[in-house]
Amino acid sequence: MSRFNTSNTNLNFQGLQSLGNGLRVLGKLALSQKVLEASFPLVNSQNIEGRLLLNLGNTILSQAQGIANFRLRGKAERQAIIQGLSYYEKAVTVSDEELIKIQATINHLSLLLELNRQWQKSSGDDWLQPHVQFQIDTLPQIIGILNKINPSPHSIQATIKFAESLMNFEQINAKSTLVQLQTNFAELTLPNTINEQFLDQAIQQAKIIHNSRLEAYAIGIQGKLYQNMGKLENALNLTNQALAIAQKISASDIAYQLQEQLGDIFLQQGDSSKALLAYKSAFNTLQILRRNLVALNRDIQFDFRANIEPLYRKLVALLLQPELGSTQPKLSNIKAAQKVIESLQLAELDNFFQNACVNAEDINIDEIDKNAAVIYPILLDNQLSVILKLPGTDNFRYASVSDKNFAAQFQETLFNLRVNITTIRGSSKVKLPSNQLYQWLIKPFEADLEIDLEHDTSQIKTLVFVLDGLLRNFPMSVLYDSDRERYLVERYAIAVVPGLQLVNPKPLLKEQLRVLTAGTSQKAPSYELEGFSSLPYIQQELDAIEKTVLQSEKLADEKFTKTNIQAQVNSEPFNIIHIATHGQFSSNPDDTFILGWEERINVRDLDLLLQTRNLTRSERAIELLILSACQTALGDTRAALGLAGVSIRAGARSVLGSLWNVNDGSTAELMKQFYQELLQSGSSQLRKAEALRQVQMKFIKGEIELNADYDKPYYWSSFILVGNWL
């Protein structure tokens with residue numbers, strides 16, 4: 001961090017604090033922590049140390065709030081949380097500034113409650129005991145300070161945040177150590193009473209300092225409090241009052257939350273039509289904000305899953321309610337629900353990058369491919385809804401399955417499939433759970449999909465899935481039709497898209513095929529550093545591509561570096577880039593990477609690395625990026641976001657990648673066969689999804705003679721095509 005140095009120690013400290021806090025806002029949390037920690041040698045007073053400790057605690061709180069899908073099961077994650085709690089505790093101890101004490105204590109409470117939210121179904125959090133005791137000892141003092149401190153935007157924000165935390169006390173897991181905090185606070189006072197007092201105080205103080213944003217936010221939280229208490233008319237009045245203030249000052253980031261809150265209240269009152277209108281208003285406000293999500297306040301920016309995603313699902317759930325006397329929703333509502341789900345996919349990708357980097361365009365799939373049908377599975381509370389878009393104008397179908405125990409059954413099915421599909425030993429047990437998925441996703445539409453016709457004689461030749469939630473970590477090719485005893489890929493070419501708006505429908509022409517391959521079969525320094533084994537069959541994979549594709553260049557072993565890749569891409573226009581190396585897709589862009597010879601190549605660097613500088617983004621787009629030895633991060637339920645993210649960041653129209661780590665011998669064979677199928681196409685246009693289908697069918701039918709086990713789903717189903725399937 002020496003490059004930040006000046007001769008002025010205080011200036012250096014302030015610069016590092018500003019940089020560290022800025023990096024936190026941008027979502028670069030690991031770097032934020034490093035920059036802030038570099039400030040420790042510059043601390044020259046207890047109050048300055050308190051400010052630094054508060055900022056460090058805030059960075060760890062941001063990690064826990066879900067930007068990086070923070071997984072709290074491991075020892076390292078637990079250690080990070082303990083460190084964050086300790087930073088807050090020390091900030092309270094060392095600082096004389098009342099505001100620092102208030103902010104550190106309340107953010108400490110937020111971090112504890114965040115742990116409770118993420119661990120609701122777990123127990124065994126005794127390690128939190130000393131930190132809970134800190135709250136019990138400190139909170140009464142902080143309440144006293146809050147009651148007498150001179151109002152400022154920071155103190156009012158802290159008061160509102162404290163009131164919000166108290167509202168979350170009700171959700172504390174009965175098995176959690178935090179129950180002691182709940183009990184202790186109940187003995188001090190009635191939570192609802194003190195909540196009303198603090199919110200009244202915040203509202204009055206916001207008026208005194210003429211801060212309409214904080215006034216609107218505090219009144220809105222008061223409305224939420226009354227909603228939780230069942231005083232719905234009071235809640236409605238307060239929420240409308242807050243919304244009027246927010247709209248008057250164009251505070252759209254507050255307004256959409258209040259519009260959603262109105263929808264929740266109307267729903268509690270049993271008025272679905274008013275709730276639907278309110279949710280639509282919230283959705284429309286959020287759409288306007290979509291390109292400015294990064295500029296919003298940190299709570300909204302960092303907690304996408306808690307604060308933004310639920311709105312989309314509430315709106316979809318109401319849109320898909322059946323009409324009276326029917327099992328089907330209105331056609332107009334099915335179309336609207338499809339658009340909302342597309343928007344959710346875009347918002348998730350924006351959140352993944354912490355940057356509104358996704359350019360979306362409305363696309364009519366009939367103009368792209370008249371032989372493709374699009375399937376949208378949508379996960380709602382104890383319900384799976386499925387929208388099918390067939391060729392033709394407004395040609396939609398809808399089906400759903402629901403039950404009070406459906407969510408548990410769905411998760412169990414996916415768990416059984418994942419356990420069995422990712423090892424060769426479990427292959428024989430794949431068909432049962434994959435058939436269950438077939439029954440839910442495909443069975444209701446068999447007639448519409450012309451399921452009994454042959455692939456070549458049917459209009460529907462390709463199924464394009466816009467997957468939701470956990471389903472994104474599973475290959476749709478493996479869905480099993482037990483009646484006809486075949487996998488879905490034996491009937492259809494299959495692709496996955498993050499949303500139709502992101503598909504750029506340019507076909508790949510055979511005569512223009514130019515391939516850049518890169519990778520290593522050696523024990524690369526980066527493999528040693530990251531703890532990965534060598535991949536001996538990669539040499540065979542790259543040699544086979546070189547023999548099959550006339551126009552190809554290869555960067556193997558020591559030549560496989562960032563500098564060399566960039567130099568090659570800038571010297572010649574490659575439309576396929578094939579990288580055979582270890583890598584990982586994660587819901588955290590910092591953990592989404594491929595390994596070059598010497599170092600990680602992070603997803604954030606790919607757009608700079610793989611695109612020709614002297615062409616427009618459209619002209620320089622890679623038609624196909626192949627990542628033949630990567631995998632989704634273990635235990636990360638949203639890891640496939642990283643696979644879609646790689647595609648977008650690299651400027652690739654499509655990506656062929658694997659969902660789990662497959663035997664590198666079978667991978668080399670699959671890739672060799674894939675290029676052969678691409679080039680054997682009778683048409684000048686190379687259909688990528690169909691080429692993958694043909695290869696996977698060869699594996700299924702046992703036509704790959706190298707290994708008798710290659711017919712098992714473990715070997716062939718891991719590979720999925722994301723993006724343009726043409």
Qualifying residue for side-chain contact (heavy atoms from CB on, under 4.5 Å) with Leu479, from Val489, Leu488, Leu417, Ile494: Leu488
Any chance you could lay out the side chain to side chain contact (heavy atoms under 4.5 Å, CB included) test for Tyr438 and Glu446, step after step, and finish with the verdict? CA-CA 10 Å; Tyr438 180 92; Glu446 284 188 338; 2.8 Å; yes
Side chains of Gln439 and Asn435: any donor to acceptor distance under 3.5 Å? yes
Derivation and outcome, ring pair (Phe, Tyr, Trp, His ring centres under 6.0 Å), residues Phe699 and Tyr710: CA-CA 6 Å; Phe699 273 70; Tyr710 280 1; 5.6 Å; yes
Taking atom NZ of Lys523 as the centre, does the number of heavy atoms from other residues, nucleotides or ligands within less than 6.0 Å exceed 12? yes
Looking at Tyr537, I want to see if its OH is surrounded by more than 12 non-hydrogen atoms of other residues, nucleotides or ligands under 6.0 Å. no
Gln539 and Asp543: side chain donor to acceptor below 3.5 Å: yes
If you look only at pairs with a residue in residues 459-469, which of them pass as a side chain to side chain donor-acceptor pair (under 3.5 Å), with sequence neighbours excluded? Arg313-Asp468
Provide the full list of ring pair (Phe, Tyr, Trp, His ring centres under 6.0 Å) pairs with a residue in residues 407-430, sequence neighbours left out, each pair given once. Phe406-Phe410, Phe410-Trp440
Using the test ring pair (Phe, Tyr, Trp, His ring centres under 6.0 Å), find all partners of His578 that sit at least two apart in sequence or belong to another chain. Tyr675
Side chains of Tyr480 and Glu490: any donor to acceptor distance under 3.5 Å? no
Would you kindly say whether Tyr376 and Glu342 are connected by a side-chain donor-acceptor distance under 3.5 Å? yes
Using a distance-only test with no angle check, is there a side-chain donor-acceptor pair under 3.5 angstrom linking Gln338 and Lys389? no
Spacing of OG belonging to Ser477 relative to CG belonging to Leu721, to within rounding of 0.5 Å: 11.0 Å
Within 6.0 Å of CD in Glu558, more than 12 heavy atoms from elsewhere: yes
Working to the nearest 0.5 Å, report the span between CG of Leu344 and CD of Glu348. 4.5 Å
Using distance alone, with no hydrogens and no angle criterion, decide if Tyr527 and Thr581 have a side-chain donor and acceptor under 3.5 Å apart. yes
Go through the steps to decide whether Leu535 and Thr520 satisfy the test side chain to side chain contact (heavy atoms under 4.5 Å, CB included), and finish with yes or no. CA-CA 7 Å; Leu535 298 165; Thr520 177; over 6 Å; no
Electrostatic pair Glu677:Lys698 at N-O distance under 4.0 angstrom: yes
Would Thr632 and Asn473 count as having a side-chain donor-acceptor pair, cut-off 3.5 Å? no
Evaluate the criterion salt bridge (Lys or Arg N to Asp or Glu O under 4.0 Å) for residue pair Asp605 and Arg600; output intermediate values, then yes/no. CA-CA 10 Å; Asp605 300 328; Arg600 280 190 182 193; over 6 Å; no
